[in-house]
Amino acid sequence: MAFINLQNVTYKYPLTKTPVLQNINLQVNEGEFVAVIGPNGAGKSTLCYALAGFVPHFFKGEISGTIEVDGVESSKSTLDEWVLNVGLAFQNPFNQISGAKYTVFEEIAFGLENNGVPREEIRPRVEEAMKMTDISNLADRSPYSLSGGQQQRVALTSILVMKPKLLVLDEPTSQMDPIGTREVFGVVRRMAEGGMTVVMVEHKMEWIANFADRVIALKDGQILLEGKPNEVLTSDVLAENGFGISRYTSTAREAKKRGLWKKENLPVTLDEAVEGFKLG
Amino acid sequence: MKIEINNLRFTYPTGLEALRGISLTIEAGEQVAIVGQNGAGKTTLVRHFNGLLQPTVGSVLIGDWDTKKYSVAKLASRVGYVFQNPDEQLFSKDVGTEVRFGPRNLGYSKEKIDELVTRALALTELSNKTETNPYDLSPTWRKMVALASVIAMDTPIVIFDEPTTGQDAVNVARIAHVIAKLRREGKTVVTITHDIDFCAENFERVIALASGQVLLDGPAREILGQEEILAQTYVDPPQLTRLGKKLGFKETVRSQEEFLNSLKNSIDASQSK
Ligand SMILES: Nc1ncnc2c1ncn2[C@@H]1O[C@H](COP(=O)(O)OP(=O)(O)OP(=O)(O)O)[C@@H](O)[C@H]1O
Ligand SMILES: Nc1ncnc2c1ncn2[C@@H]1O[C@H](COP(=O)(O)OP(=O)(O)O)[C@@H](O)[C@H]1O
Ligand SMILES: [Mg+2]
Ligand SMILES: [Mg+2]
């Protein structure tokens, strides 16, 4: 049975006139890494909230259909129970710092302490997580004296350290430098190999294609396309619907028109582009 | 209007030295992108332009004004700054009031304010959201509100701190359009960005910062091709530049047209052999 199972989920915030999610059906297996793409206002963050229990437990409004994670139905659970299994990195990392702690190290240890993890286990877990996101050097800094990208790394690390069964990331690399971005995708891939299920909203097509198992393209609250990264990310439908596309894809599409791209498939990654253009 | 930075050093109250000797001149009407790894000092640098931070050592001149001698309020007539985190910037109860605040504060006439506000809202596609509370918008749209409220001030210098983060293709194009418009109006624009493709396509001059110092500074074409040096500050060259290099093109390509031209040339060359 699928680890995430969304059946006919339709949701409307108290203030919105039309549903923000419409009839969403989505199954994700344990250990799968799914990327969600879509233009502004598509409902990506709302989908994250639905997976993380904030819809409907925090945001009220009208919901129908069922949201199931690891065999438990969201409406039959509470937010407190839900967050033990599901970690969410919010789209705006600046608001995620707890405000309760003096140092980055304490900030990242905060959730573990709250969950009653034994002291001797906390230190190695925090250190390991900080290594993954390359912030070991920030351990003793105040969480408030950080650059934007550093804050985003701290926010992400404080979720990773909890080792949730389901990791939901809403644009986790928006403030990060290019190499940091690639590293985060790599870390997430490794977590998924280790059995964690990951749903990640992202705009960076090249890295999605390199690392994710599957792509969901969302628009106006509906799933427009779904499938293998290369299939979805090179589809003409995306370009026509205001989705961002990799420069490799758009350039090869134009090259094809001019007879300079011979392959059937368009590229999304550097390697695919090099291979295809070499044939030219 | 020109920006002149002389041997600027800055140490935060925590003791951390974030800028370690920066000297730069940005000419009036120039459009400059600043790139570099997280924590390199990009935001710290631009916060000196409108007086939010004061040099520990050295000086910053905005036109003929030394920022040490002018208040933040005064500098706001010369430098508009769109914050990295829009939530630090926005405080009004609705979008319309937010966007009016800046130009009104600068004492423009009622007609001029109306015109500037209308134009800024149209450019950012916010005309139908004037009644909305910014906090009912998603972070991406709050950033567009922040952008609108700064361009409405019509300052000779405009600073954007990571304007495209999280924006979809349509809004990225809109932001590029705003920048092009400011260029035509002769404004000085400084944009911090991690989006290297956006940088390649919209800026002629690129400055790469690393650990509080200038690592590279020059024409985009030259700077963005230097893969090894850029890697020191965690920046990758643009996608098409990387691809061109891999395919063995001699010239550094920045745009789709340039790439396709070089591709055509290299195919023609290999066929004529
Ligand atoms: N308020 C503060 N107090 C103390 N140190 C700070 C403060 N803000 C930033 N710093 C530190 O100063 C250095 C430069 O930070 P800055 O915000 O300028 O980086 P940046 O280049 O804008 O990075 P990013 O790409 O992540 O936004 C970093 O080491 C950062 O941790
Ligand atoms: N808390 C909220 N209250 C009311 N409407 C909201 C709320 N959050 C988002 N929306 C609306 O729901 C729609 C989808 O938003 P969102 O899920 O944030 O999209 P995305 O993350 O794809 O940009 C948008 O029309 C947005 O304005
Ligand atoms: Mg969102
Ligand atoms: Mg910054």
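Quick caveat: nothing in here was measured; it's all calculated off a predicted structure. Throughout, a chain's letter reflects where its sequence line sits, starting with A, and its residues are numbered from 1.
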With a 4.5 Å cut-off on heavy-atom pairs, point out which of [options] contacts chain A the most.
| options | answer |
| --- | --- |
| D195(B), T233(B), D87(B) | D87(B) |
| L240(B), V235(B), V170(B) | L240(B) |
| E162(B), E88(B), R142(B) | E162(B) |

Can you tell me which portion of [X] sits under 4.5 Å from chain B's heavy atoms? Options are side chain, backbone, both or neither.
| X | answer |
| --- | --- |
| Q175(A) | both |
| S250(A) | both |
| D134(A) | side chain |
| S246(A) | both |
| S45(A) | neither |
| F243(A) | backbone |

Report which part of [X] has an atom under 4.5 Å of a heavy atom belonging to chain A: side chain, backbone, both, or neither.
| X | value |
| --- | --- |
| L137(B) | neither |
| L263(B) | side chain |
| Y12(B) | neither |
| N171(B) | side chain |

Side-chain H-bond candidate by donor/acceptor type, [X] with [Y], under 3.5 Å:
| X | Y | value |
| --- | --- | --- |
| Q91(A) | S174(A) | no |
| T133(A) | T157(A) | yes |
| T165(B) | K143(B) | no |
| D161(B) | T43(B) | yes |

With a 6.0 Å cut-off on the ring centroids, do F259(B) and F249(B) count as close? yes
Centroid separation under 6.0 Å, is that true for the rings of F83(B) and F94(A)? no
Sidechain N-carboxylate O distance under 4.0 Å for [X], [Y]:
| X | Y | result |
| --- | --- | --- |
| R247(A) | E254(A) | no |
| E125(B) | R174(B) | yes |
| E204(B) | R254(B) | yes |

Any chance you could lay out the salt bridge (Lys or Arg N to Asp or Glu O under 4.0 Å) test for K129(B) and D94(B), step after step, and finish with the verdict? CA-CA 9 Å; K129(B) 295 202 173 86; D94(B) 63 68; over 6 Å; no
Most heavy-atom pairs under 4.5 angstrom with chain B, which of [options]?
| options | answer |
| --- | --- |
| G244(A), S145(A), A273(A) | A273(A) |
| G180(A), S147(A), S142(A) | S147(A) |
| M176(A), Q151(A), R153(A) | M176(A) |

